[in-house]
There are 2 protein chains.
Amino acid sequence: MNKPTESELEILKVLWTKGASTVREVNEILNEAREVGYTTTLKIMQLMAQKGLVNRDESTRTHVYTAAVAQNNVQNHMLDQLLESAFGGSASELVMNALGRSKASQKELDEIKALIQKLESDE
Amino acid sequence: MNKPTESELEILKVLWTKGASTVREVNEILNEAREVGYTTTLKIMQLMAQKGLVNRDESTRTHVYTAAVAQNNVQNHMLDQLLESAFGGSASELVMNALGRSKASQKELDEIKALIQKLESDE
DNA sequence: AGGTTTCTACGAAAATCTTCGTATTAATTT
DNA sequence: AAATTAATACGAAGATTTTCGTAGAAACCT
């Protein structure tokens, strides 16, 4: 997979959350966080379509975009990269850091505990 | 803190691992992974010194560099960013992903369990 | 139909990051 | 001391990413 740039990731986030969207819709959401010109967003989404990061439905004049890569894939990909680039490959160190500074709920902690148990039983 | 670029991060990794180093030493280590010109490494390290990412001891002709930012700070910073940019702020989701694909040892799992217990008792 | 708005396409400027060539100076060797 | 080696400084070219202006086509409104 082609690693998305930061701007591309912002757009993917919108598509993952909102589902199929037009450029205008995406641009409006981006503008809640920071000012971005319409044609800027358009251009990036066009490039993303070329790269295969999004699909584009051109059957209507106003094109409709959807994410072409799963959120999970991108997450894993970026996680791997962060792991290598900043944590020297030590996943547990990464996990400890993330857990330590998170505000995980009891329910989430339970889920994590369950996963650990599963990992332990698999050995 | 100024977020380090990818090249800068590579260099920081060397300084964190090896401690105080000259440009040549850093460059040689980088070249184990990929070809990088000496002046390229020099230039980036000079820029890093300007940005305050590294300290430079100029008391000898061959300058000696050390990391000016703690590995932990950078890790946390990048984690935060990944959390926001790709995981929608859900730390537990990030943790689950990282754990799921890691080859964490029993010892590491125990450490994580201990941390969870601590988090639970603090509530 | 004519004018206005709303799209897409395209190209190029701007910004950031990476790479390296060249100049200069300092140390080392012969 | 001259030649070679090794270091820093500097500037500029390349590469990638982001930004936006402008043109042209399609839809909409009077």
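Hydrogens, waters and symmetry mates are skipped; everything else that's a heavy atom, side chains included, is used.
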Q. Thinking salt bridges, do B/Glu6 and B/Arg34 make one under a 4.0 Å N-O criterion?
A. no

Q: Before accepting this row, confirm whether a basic side-chain N of the pair A/Lys113/A/Asp110 lies closer than 4.0 Å to the acidic partner's carboxylate O.
A: yes

Measure the [atom1]-[atom2] distance between [X] and [Y] for me, rounded to the nearest 0.5 Å.
X: B/Met45; Y: B/Thr40; atom1: CE; atom2: OG1; answer: 13.0 Å
X: A/Lys18; Y: A/Lys13; atom1: NZ; atom2: NZ; answer: 15.0 Å
X: B/Asn76; Y: B/Met78; atom1: CG; atom2: CE; answer: 11.5 Å
X: A/Asp57; Y: A/His63; atom1: CG; atom2: NE2; answer: 8.5 Å

Nearest-Å distance for atom pair [atom1]/[atom2], residues [X] and [N]:
X: A/Glu8; N: D/dT16; atom1: CD; atom2: C1'; value: 11 Å
X: B/Arg24; N: D/dA7; atom1: CZ; atom2: P; value: 4 Å
X: B/Asn27; N: D/dA7; atom1: CG; atom2: C1'; value: 13 Å

Q. Out of A/Val69, A/Leu53, A/Ile29, A/Val54, which one pairs with A/Leu15 under the side-chain contact (heavy atoms from CB on, under 4.5 Å) rule?
A. A/Val54

Q: Quickly, which of B/Leu42, B/Thr39, B/Val64 forms a side-chain contact (heavy atoms from CB on, under 4.5 Å) with B/Val23? Name it, please.
A: B/Leu42

(Q) If the cut-off is 4.0 Å, is A/Ser7 near the phosphate of D/dT18, judged by side-chain N/O to OP1 or OP2? (A) yes

**Q.** Residue B/Glu35 excluded, over 12 heavy atoms near CD under 6.0 Å
**A.** no

Pairs: protein N or O with nucleotides 24-30 of chain D N or O, under 3.5 Å:
unit_1 : atom_1 : unit_2  : atom_2 : d
D/dA26 : N3     : A/Arg61 : NH2    : 3.3

Q.
Working note: B/Gln46 + B/Gln50, criterion side chain to side chain contact (heavy atoms under 4.5 Å, CB included); need CA distance, chi angles, decisive distance, verdict.
A. CA-CA 6 Å; B/Gln46 285 171 341; B/Gln50 271 193 332; over 6 Å; no

**Q.** Close approaches to DNA chain C from residues 37-55 of chain A, in residue order (heavy atom, under 4.0 Å)
**A.** A/Tyr38, A/Thr39, A/Leu42, A/Lys43, A/Gln46

**Q.** 5' to 3' contact window, DNA chain C with chain B (heavy-atom distance under 4.0 Å)
**A.** C/dC17 to C/dA27

